[in-house]
Protein chains: 2
Amino acid sequence: MENNLEKYADVANCPVRNVLDRFGDKWSTLVLLLLDEAAVMRFNELHKAINGISQKMLAVTLKTLEADGLIIRTQYPEIPPRVEYKLSKRGASLLPHIQNLVQWANTNFDAIEESRASYKR
Amino acid sequence: MENNLEKYADVANCPVRNVLDRFGDKWSTLVLLLLDEAAVMRFNELHKAINGISQKMLAVTLKTLEADGLIIRTQYPEIPPRVEYKLSKRGASLLPHIQNLVQWANTNFDAIEESRASYKR
DNA sequence: GTTATTAGCTTACTTTTGGTAAGTAAAGGT
DNA sequence: ACCTTTACTTACCAAAAGTAAGCTAATAAC
């Protein structure tokens with residue numbers, strides 16, 4: 001049993017940690033969900049769609065998602081500039097799992113809120 | 001379409017955000033995975049199993065997981081104290097989804113690492 | 001009588017993350 | 001000459017998360 005547990009011990013190069021960290025952040029999942037619905041979106045579209053995100057945070061989020069190969073950025077040499085974002089194959093393969101979590105979250109949200117409210121000490 | 005997107009706009013009381021935030025943190029998933037394997041674990045067992053977590057962070061993590069009703073804490077009035085943690089039904093119902101993500105992370109880890117390494121600008 | 005055990009709590013400190021506001025570039029309209 | 005548009009970047013600041021180390025309390029072992 002001790003051996004079985006060791007599996008998760010090494011946080012630094014744990015695939016799970018390393019990947020989960022990426023959409024454990026504040027905005028990544030939101031971006032992925034939006035891109036899943038809309039097929040293609042521009043920077044300002046995303047900025048308007050995600051109420052509360054700053055331009056900086058959106059830029060950072062998009063950049064790391066692109067770096068991980070989860071989304072594809074296409075820029076057209078026009079002026080004013082046009083940049084489009086869409087899900088990559090890899091991103092699309094991740095999405096069903098996120099959707100499952102979303103569904104779980106939706107069905108369990110009320111109960112969890114209650115638990116939190118009644119939790120003392 | 002604009003309407004469709006609005007769904008995710010209100011971050012504050014979005015069930016998705018609100019729940020995903022909870023195990024988007026650094027340690028929660030690890031604790032849940034461990035408890036899934038071991039059925040029952042004590043504080044120090046967890047502390048040893050999760051290499052790198054501090055006592056404070058473990059305490060905080062366990063407390064929020066308990067508050068959300070994902071784990072059950074049972075304390076025995078002995079000295080020295082004995083406290084046992086296990087998954088609740090709700091926690092157990094979440095676990096398959098996390099396992100799916102873990103699997104996705106494992107199969108895609110190498111490719112993502114490569115993407116990250118070759119990503120410039 | 002000192003030390004170890006257990007499950008934390010507390011304090012002080014550092015690091016990471018997120019947010020605000022302003023600036024940039026290049027061309028086209030007025 | 002100046003404003004607008006788009007997709008960012010930069011500098012700065014606040015808040016959240018994480019770390020290290022010490023404290024507690026009761027008992028049993030040495």
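Proteins come first, then strands; the chains are lettered A, B, ... in the order of their sequence lines, and each starts at number 1. All values derive from a computational prediction rather than experimental measurement.
With hydrogens and angles ignored, a donor-acceptor pair closer than 3.5 Å exists between the side chain of B:K56 and the base of D:dG18.
Rounded to whole Å, atom P of D:dA26 lies 16 Å from atom CD of B:E78. Regarding A:Q75, its CD atom lies at a distance of 16 Å from the P atom of C:dA25, rounded to whole Å. In this entry the distance linking CZ of A:F43 with P of D:dA7 reads 8 Å, nearest Å. Per the geometry, CE belonging to B:M57 stands 14 Å off C1' belonging to C:dT11, to the nearest Å. Rounded to a whole Å, the CD atom of B:E66 is 9 Å from the P atom of C:dG8. To the nearest angstrom, P of C:dT6 lies 13 Å from CD of B:E84. When the P atom of C:dG19 is taken as reference, atom CD1 of A:I53 falls 8 Å away, rounded to whole Å. Note: NE2 (A:H47) to P (D:dT5) measures 15 Å, nearest angstrom.
Taking side-chain N and O atoms only, B:R42 has a distance below 4.0 Å to OP1 or OP2 of C:dA7. For C:dG8, one of the phosphate oxygens OP1 or OP2 lies less than 4.0 angstrom from a side-chain nitrogen or oxygen of B:R73.
The residue B:Y85 sits close only to the backbone: its heavy atoms come under 4.0 Å of sugar-phosphate atoms, none of a base.
Residue order along DNA chain C, read from the 5' end via each residue's closest nucleotide, puts A:Q55 first among A:Q55 and A:P80.
Considering only residues two or more places apart in sequence or on other chains, B:E114 meets the salt bridge (Lys or Arg N to Asp or Glu O under 4.0 Å) condition with none of them.
When distances run from any side-chain atom of A:A59 to the nucleotides D:dT19, D:dT9, C:dC9, the shortest one goes to D:dT9. When each of D:dG18, D:dA7, C:dG19 is scored by its nearest atom to the side-chain atoms of A:N44, the top-ranked nucleotide is D:dA7.
Under a 3.5 Å cut-off, the side chain of A:R90 and the backbone N or O of A:I71 do not form any donor-acceptor pair.
One hydrophobic cluster, built from ILVMFWY side chains closer than 4.5 Å, cannot hold both B:I72 and B:L33; they sit in different ones. Cluster membership check: B:W27 shares its hydrophobic cluster with B:V83, using side-chain heavy-atom separations under 4.5 Å among Ile, Leu, Val, Met, Phe, Trp and Tyr.
Classification of B:R82 and B:E84 as a salt-bridged pair holds, one side-chain N sitting under 4.0 Å from a carboxylate O.
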